[in-house]
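This report refers to the structure that appears directly beneath it.
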Amino acid sequence: LTVAVLISGTGSNLRALLEAARHPDFPARIVAVGADRDAEGLAHAADFGIPSFTVPYRSFESRDAWGEALGDRLDEHRPDLVVLSGLMRLLPASLVARYAPRIINTHPAYLPEFPGAHGVRDALAAGVAQTGASVIVVDDGVDSGPILAQERIPVQQGDTEETLHERIKPVERRLLIDVVRRIATGDLALTH
Ligand code: GRF
């Protein structure tokens, strides 16, 4: 299974995938990394010799134009699966339509709780005793697609957004690697 990963930030989830895919028995290969800005995480692609590309959101007149350009770059690699891992941008419906349901996303909350760009901050503000991590199929909504995997994570006294997010990320990575493996082996079928 060939996989393209899209990021916006540090790419720690990307790095975990790259390390997992290093093992010859891992059934998926990362073939490209894309970003909507000059993301720090692109350095991981360079470290692993994986082609990368940047399609800067701010260079385009509209989300649709950006999505089309991003889709064209993805098409160059013809990935079987697109993984959004810290992409902090909503994909336009036209791009989702090109790849759905072969687009998955990691989210640092127990969806459908706390969707959107600030899932960690929102869980903390809500004062919940536990939040979670989720891997879902991307649809036209915001973190609203079918849930492929998720796990509860406790919120601890004195947690800040950073400490809570750092506790969530390792779980996201484990869930993401397992979901990619299960998609690659056909054990998990992607549906709209
Ligand atoms: C991850 O928690 C991801 O779910 C969220 O943003 C974070 C990105 O972290 N959308 P990184 O860039 O993978 O370190």
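Remember, it's 1-based here, ligands and their atoms both numbered in the order they're listed.
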- So does Asp38 have more than 12 non-hydrogen atoms from other groups sitting under 6.0 Å from CG? no

- Task: Check the angle between the aromatic planes of Trp66 and Tyr57 and answer parallel, tilted or perpendicular using the 30° and 60° thresholds.
- Result: perpendicular

- Query: At what distance is the nearest protein heavy atom to atom 6 (O) of ligand 1, and which residue and atom is it?
  - Reply: Gly86 CA, 3.8 Å

- Message: So if I count the atoms of ligand 1 from 1 in the order they appear, which ones are less than 4.0 Å from some heavy atom of Met88?
- Response: 10 (N)

- Query: Between Arg63 and Leu90, is there a donor-acceptor pair closer than 3.5 Å when you use the side chain of the first and the backbone of the second?
  - Reply: yes

- Please determine if Arg152 and Glu113 form a salt bridge, counting it only when a charged side-chain N lies under 4.0 Å from a carboxylate O. yes

- Judged by non-hydrogen atoms, does Ile7 sit under 4.0 Å from ligand 1? no

- Partner of Ser134 under side-chain hydrogen bond (donor to acceptor under 3.5 Å, both in side chains), picked from Glu151, Gln150, His107, is Gln150

- Message: I'd like to know whether ligand 1 has Gly11 as a neighbour, heavy-atom separation below 4.0 Å.
- Response: yes

- Query: Nearest to atom 7 (C) of ligand 1 by heavy atom, His165, Glu166, His107: which?
  - Reply: His165

- Nearest protein heavy atom with distance in Å, relative to atom 14 (O) of ligand 1: Thr10 OG1, 2.5 Å

- Item | Ion pair check, Asp72 and Arg98, cut-off under 4.0 Å | yes

- Considering heavy atoms of the protein only, find what lies nearest to atom 1 (C) of ligand 1 and give residue, atom and distance to 0.1 Å. Glu172 OE1, 3.4 Å

- When you measure from atom 13 (O) of ligand 1 to every protein heavy atom, which one gives the shortest distance, and what is it? Asn13 N, 3.0 Å

